[in-house]
Structures are given as structure tokens and as C-alpha cells.
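Read the structure below first, then the notes.
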Amino acid sequence: MKRILITSAIPYINGIKHLGNLVGSQLPADLFARYNRARGNEVLFLCATDEHGTPAELAAAQTGKPIADYCTEMHEVQAKIADGFRLSFDHFGRSSSKQNKELTQHFAGRLLDQGFIKEVDEKQIYSHADNRFLPDRYIEGTCPNCSYEKARGDQCENCTKQLDPTDLISPRSAISGSENLEVRTTRHLYLMQSYLREKLNAWIEEKRDWPILTTSIAKKWLNDGDGLQDRGITRDLDWGVPVCKGGQAWPGMEGKVFYVWFDAPIEYIACAREWVDAGKGSDWERWWRTDKGADDVSYYQFMGKDNVPFHTLSFPATILGSGEPWKLVDYIKSFNYLNYDGGQFSTSQGRGIFMDQALEILPSDYWRWWLLSHAPESSDSEFTWENFQTDVNKDLADVLGNFVSRVTKFCRSKFGEVVPSGGEYGQREQNLIDNLQLRLDAYQNHMEAVDVRKSAAELRAIWVLGNEYLQSAEPWAIFKDDPNAAAATVRMSLNLIALYGQLSEPFIPDASEILQSAMGQDGPSWPESVKDTLGQLKAGDVFTVPDNLFTKITDEQRLTWNKKFSGLRD
RNA sequence: GGGCCCGUAGCUCAGCUGGUUAGAGCAGUCCGCUCAUAACGGAUUGGUCAGAGGUUCAAGUCCUCUCGGGCCUACCA
């Protein structure tokens, strides 16, 4: 039995995520977690909300609520939606937890002791009207290069020139519009990532089996320009983890907090501690400390490509720099973006389909199946309603759902709701078993390699084998002359349904549960041998005919939804 | 500006370290079946592998350039 630690990139707190976010991290992570649990591996699957930073503060301010209350509410909202998508986190934590606060401060203290922290005086823009320091991109003004009037302080979106806020002509706060800005000197902590460049480079170089997307982004950051840059890990904000060294005060850092990207990955560790404190587990260090049992853990991370630099470099730098035996990630699965109908999904613009909306119109299995079978692994991929309709109808309703329907209904009408006896298996069944075993092996290999789309294609091919078998055996025709032969075919087919219930669980857990309970199976178990598994339902066992597993999406629905989601979310 | 990724049948995509007549699913066409959610099965039509050079006995696969799409570029997260 293997031990698998899985984390999904933690979704930001300021609103409900869209399907692009879902397919890039939480959903494939869930697929992998479910698969590994089904294989009997010991799995710890963690996720959390990422709650700190300027956007969260501003989002809270807009609602007029205290930031802590806002985050608590939004965490609940996200947790509920995650549940709706059947995301099987062992714990869904919060980066604002006290466990994370402690651990983040601990890491900062260790990094200071190990010589990886420097204090740097830098100039920041302070807005009197907003009563706060503003990140560069929250300053707007006229671009000195192209005269675009809404250039941001970090970059002009019009001419793409990189800017410094002080370059802007007539700069103003993007929040209040106030021009009452002031350049102030403020002291911040820097993580000296450059000291760890060689170590990180050697570590990345040995990861030959990681997705190109992951390693190429990491290498770019390692080698670009002067190489890996040091990074400021503190901010002048109210909401966040207060800057301390371990439990001690940090002179000169009063009133400052750690940068979200410093504390967010640490939440992966803290989340395990939350998991224990919530009474769901008993030993979190066994998963995270290689000196306390985690040396045999395989750790997989899932994320969109925008998250890669922080997971390949910053967080590993934090861990390596601590000088303590924390578990480093073994495999980083990264994804490109899912586009929506010719453009990008956008949280800020409200474009596309959001997780709550998706669940309002269709059960989660529809979304899980389509998104996973079209996961943007090799390049950006695109959601269109037309593709969604044809793919889901074909794969789920026709290939799988209708197979279940034709088998169970035929059996009911000829033999009743009981696995029929009589007849013998022959060459046709042997061929089926051989083919299934080949497919199952491929399915497992793709899953082990975290090859999401290929796994989906293989599972679908396994469903197709059922229809091929049934068509070639023709129990409806054979029944008249040789009911025993038809009974054998039906017995085999009912066993196929039970098998499908088991194999499909990582992708479509709800439908799988229906299949398994209809076939009288009591829980997920993985077929080690196709041959043995296809004998699990025996003559005389009772079953029930389930309602149609998947209702087809009609043209009318598609048109309605296409229209409904063509605009921007309010 | 720099860098990375991608461009393979109408659509969505496989094609690992270069090696027989370039594959799958969907859509299309034809045939079969009638148990089933008019579902299923079989067969079949589509490709000068973005373009141009080059390396090689041999290139979708390697190199160079061009065109097109996307992403990243470190203070959003």
C-alpha cells in the first residue's frame, strides 16, 4: 500500500470560482485522490481557501463586512460548492487558521536563523484617502509611453510596457480615484531565493517526468536575466499573518503581515494540522516530516499554470531554506487554461460559467466528466455548449447510461430483477475479459501517470466494450431458442455494470454509486482481476433497475444556457 | 522587447528517445440490429501533419526562418 499526499492549489477567497479554475486544480486532484483510495492506497487529500491579500480586503470592504466575517462566509460558500462537485477533500482548511499563522511564523523564524531573510528598505505608494499602501497594480494613471489613460502601475495593458507606479502621469488610486498619493519608505523582509538557486536548479533538473509546462516555467524563472530573484515576503496590510520570528516579535516589522504567497503554500502543511485538530486524523507530521514517517509519502500537487513559479521555486525555497526535514513535492501536475466560447473565463469580469451556476443547471457528474475528459493538459482547451452537449449525451447517456438501461430492462422483462442462472460462458466472454483486462491495465497506467484525458478515453473505451459484447451476443434474438445462452449473456452484462460502477467512480462518483447500489454492491472496491470481478454477481443475486442514469441535454436547453451565459455575471 | 507552449481529418485531440501504407472519438455517408434514453454494432469518406528551407538512408517527429494562436515576464492571486 502506498501513501499518497495530494494538494490542490488553494482557491482565492474573493468569490466563487469558475469552471476553468475547477478543472485546473481541484477536479483533477479529486480524480487522482479517488483513484488512489479505490486502489487501496492511503490518501491524504487537502485543500483550503486562500484568504489573505489586498483583493480579499477590498472585496470585504465592498460588502461592508469585517474581513474576518467575509472570509468565514465565503469559505462556507466555497466548501458547500466543493461538496456539490463531490470534491473529496479530507480537509478543506483556511489559510487564516491559527495553525497556519503559527507555522508561517515558524518558517520565517527558521529562514532568518538560516540566513535566508534580509530586511530591505523600499519605496511604496501610500494613499491617504484609502488609508493604506497600494500594490502597484492598484495605481492607475496615464501611460508615459502610449498615453493610455488607464495604465496600471505595474504594466500598461494597452502597450504592454512594464511600468513603475512613479512612471505614471497623474497617478491615482484605482480604489478611490484619489490623487492624494505619497511615496513612502517602508521596510520589508526578502526571501533570498537566489542563495538557493543551484539547489533548486538541481532539484528541478532531476524531474524528468514532470509536465513540460511545469519544468519550462520553473527553468525560465531560474535562468531568466540574472537568475532567480529574491522576493519580498511581507506587505503593509492589516489582514494576514503578523510578521513574527517564531513566537517572538520582529522589531521594525510591527503592523506588517506576510505576503499571501508566502503563507498560502504553508497552508498545505497547516491544513494537515487542521485536519488533526478537527478530529479527522491523528498524526499530521507522518505526512509532512520525513523524520517522522513521511519519507515513504509520494506528494502530488495540482494547479493552473499561473501557480507554477510559487510551487516549483518559492515554496521549495521556503522548505529547503528552513533546514528542517519537511516533505518536498514529488510531482507537480500543472494545467493550461480552459477558455469559454472563444474567450477567457474571467472571475473579475464575470465571464463564463461559475461553479454555483453549473450545479444549478446540471448534476456534477456531467461537469466532472466533460471537464476531466477535456482537461487542458497539452494546451489551452475550449468549452462550447455544442461540444458539451454532444460529448456528454454521447458518452454518458448513450454509451454508458443506455447500456445499463438496455441490460437491466431486458433482464427484468425476461428473467425478473434477479441475476439469471443457466448457460455457460464461452469464447466471446473470454475475448471480452481479455480486452477488458488490456483496457484496465492501460487505464491504470494513465491514472498512475496523472494523464487525465487519456484516462477518460480509456474508461470510455471500457464502456464501449459492453455495447460491443451485447450487440454481438444478441440475447434478445437468442432468447427465443436458447434462453440459457441469453441468461449467461445477461449475467455477464450485469456483472459489467457492477464493474463499471467501480471503475467509473473517480470520474462520476454519483452515477457510480447508483450503479453499485442497483447491483447490490456495498462499496467501492477495485477489480484486481477482470475475470474474478466479472463473477461477483452470481445467479440468484437480486438487483434493481435504476432510473436512467443521465438525461440528455436537449437542443432547447443548450440554446437557453448558451444565451443565459453569454453575458457577464452580475 | 525577451522567453515558453501550441498549430495533425469539418470539430476535440493521440502520435515516447526520427523508422513499415499518419491514428482515436465526434460529426458525415452506407449497412445491420430492435433489448434500450431513436439508443447500439459494423463498415466507410475526410489530412501535401501551418508554410519554406535544411540535416538524414529515413522527419509529423531534429535544426533554421516565416506566418498564426496562446501564455508568462516576478507588487493580483
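- Rounded to the nearest 0.5 Å, atoms CG (A:Leu222) and CD1 (A:Ile217) are 12.0 Å apart.
- A cation-pi arrangement is present between A:Lys414 and A:Phe479 under the rule of less than 6.0 angstrom and at most 45 degrees off the ring axis.
- Taking only side-chain nitrogens and oxygens, A:Arg412 never comes nearer than 4.0 Å to OP1 or OP2 of B:A36.
- The stretch residues 404-411 of chain A touches RNA chain B through A:Ser405, A:Arg406, A:Lys409, A:Phe410, each having a heavy atom under 4.0 angstrom from the strand.
- Nearest heavy-atom pair across A:Lys17 and A:Gly15 is CE-O, 3.3 Å.
- Distance from the side chain of A:Asp306 is smallest for B:A77 among the nucleotides B:A14, B:A77, B:U12.
- Residues passing the side chain to side chain donor-acceptor pair (under 3.5 Å) test with A:Asp510, sequence neighbours excluded: A:Arg86.
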- Message: If you apply the rule side-chain hydrogen bond (donor to acceptor under 3.5 Å, both in side chains), what do you find for A:Glu51 with A:Thr49, and how did you get there?
- Response: CA-CA 6 Å; A:Glu51 305 191 0; A:Thr49 38; 2.7 Å; yes
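- One C1' atom belongs to B:U17, the other to B:C11, and the distance between them is 32 Å to the nearest Å.
- Partners of A:Tyr195 by ring pair (Phe, Tyr, Trp, His ring centres under 6.0 Å), not counting sequence neighbours: none found.
- Side chain of A:Phe310, nearest nucleotide from B:U12, B:A77, B:C40: B:A77.
- Dashed line: the shortest gap from a side-chain N or O of A:Tyr259 to OP1 or OP2 of B:A77 is under 4.0 Å.
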- Message: One pair to check against salt bridge (charged side-chain N to carboxylate O under 4.0 Å, His left out): A:Glu57 and A:Arg132. What are the steps and the verdict?
- Response: CA-CA 11 Å; A:Glu57 289 193 345; A:Arg132 62 186 302 149; 2.3 Å; yes
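- Below the 3.5 angstrom threshold, one finds no donor paired with an acceptor across the side chain of A:Asp398 and the base of B:A39.
- Counting any heavy atom pair closer than 4.0 Å across all strands shown, A:Val464 reaches sugar-phosphate atoms only and no base atom.
- Applying the side chain to side chain donor-acceptor pair (under 3.5 Å) rule to A:Asn131 yields the partners A:Tyr126; only residues at least two apart in sequence or on another chain are considered.
- At a cut-off of 3.5 angstrom, the base of B:A74 holds no donor-acceptor pair with the side chain of A:Trp221.
- We find that A:Arg152 and A:Asp154 are joined by a salt bridge, their nearest charged nitrogen and carboxylate oxygen being less than 4.0 Å apart.
- Across B:A50 and B:G2, the matching C1' atoms stand 24 Å from one another, rounded to whole Å.
- Using a 4.0 Å cut-off between charged side-chain N and carboxylate O, A:Lys552 and A:Asp398 make a salt bridge.
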Nucleotide N/O to protein N/O under 3.5 Å, stretch nucleotides 3-11 of chain B:
residue	atom	partner	partner atom	Å
B:C4	O2'	A:Ser216	OG	3.3

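- Residues satisfying the salt bridge (charged side-chain N to carboxylate O under 4.0 Å, His left out) test with A:Lys220, not counting sequence neighbours, are A:Asp224.
- Counting any heavy atom pair closer than 4.0 Å across all strands shown, A:Thr54 reaches sugar-phosphate atoms only and no base atom.
- Nearest nucleotide to the side chain of A:Asp154, out of B:C40, B:C76, B:U37: B:C76.
- Using a 4.0 Å heavy-atom cutoff across all strands shown, A:Phe403 reaches no nucleic acid atom at all.
- For A:Pro55, counting side-chain heavy atoms from C-beta on, the closest listed nucleotide (B:C13, B:A77, B:A74) is B:A77.
- Among residues two or more places apart in sequence or in another chain, the side-chain contact (heavy atoms from CB on, under 4.5 Å) test is passed with A:Asn445 by none.
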Nucleotides 67-70 of chain B: which of its N/O atoms have a protein N/O under 3.5 Å away?
residue	atom	partner	partner atom	Å
B:G70	O2'	A:Asp380	OD2	2.5

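- Around atom CD of A:Glu182, more than 12 heavy atoms belonging to other residues, nucleotides or ligands sit under 6.0 Å away.
- In this view, A:Arg231 satisfies the side chain to side chain donor-acceptor pair (under 3.5 Å) rule with no residue, not counting sequence neighbours.
- Applying the side-chain hydrogen bond (donor to acceptor under 3.5 Å, both in side chains) test to every pair with at least one member in residues 484-493 of chain A, sequence neighbours left out, gives no pairs at all.
- Ion pairing between a basic and an acidic side chain is recognised when a charged N comes within 4.0 Å of a carboxylate O; A:Lys333 and A:Glu377 show such pairing.
- For the P atoms, the distance linking B:G1 with B:U48 amounts to 33 Å, nearest Å.
- A:Thr384 OG1 to A:Glu386 CD: the interatomic distance, rounded to the nearest 0.5 Å, is 6.0 Å.
- At a threshold of 4.0 angstrom between heavy atoms, the contacts of A:Gly304 with the nucleic acid are absent.
- Judged by the 6.0 Å and 45° rule, A:Lys305 forms no cation-pi pair with A:Phe335.
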For nucleotides 26-33 of chain B, print each protein N/O atom paired with a nucleotide N/O atom at under 3.5 Å, atom names and distance only.
residue	atom	partner	partner atom	Å
B:G32	N2	A:Gln471	NE2	3.2
B:C33	O2'	A:Trp476	NE1	3.2

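- A:Lys454 comes within 4.0 angstrom of sugar-phosphate atoms only, judged by non-hydrogen atoms across all strands, and of no base.
- Residue A:Ser381 is in sugar-phosphate contact alone, with no base atom involved, counting any heavy-atom pair closer than 4.0 Å across all strands shown.
- Checking B:C13, B:U37, B:A74 against the side-chain heavy atoms of A:Leu228 singles out B:A74 as nearest.
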- Note on the structure: RNA chain B in dot-bracket form (Watson-Crick or G-U pairs under 3.5 Å, [ ] crossing, | inter-strand) is (((((((..((((.....[...)))).(((((.......))))).....(((((..]....))))))))))))....
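- Between the side chain of A:Glu468 and the base of B:C40, no donor-acceptor pair of N or O atoms lies under 3.5 Å.
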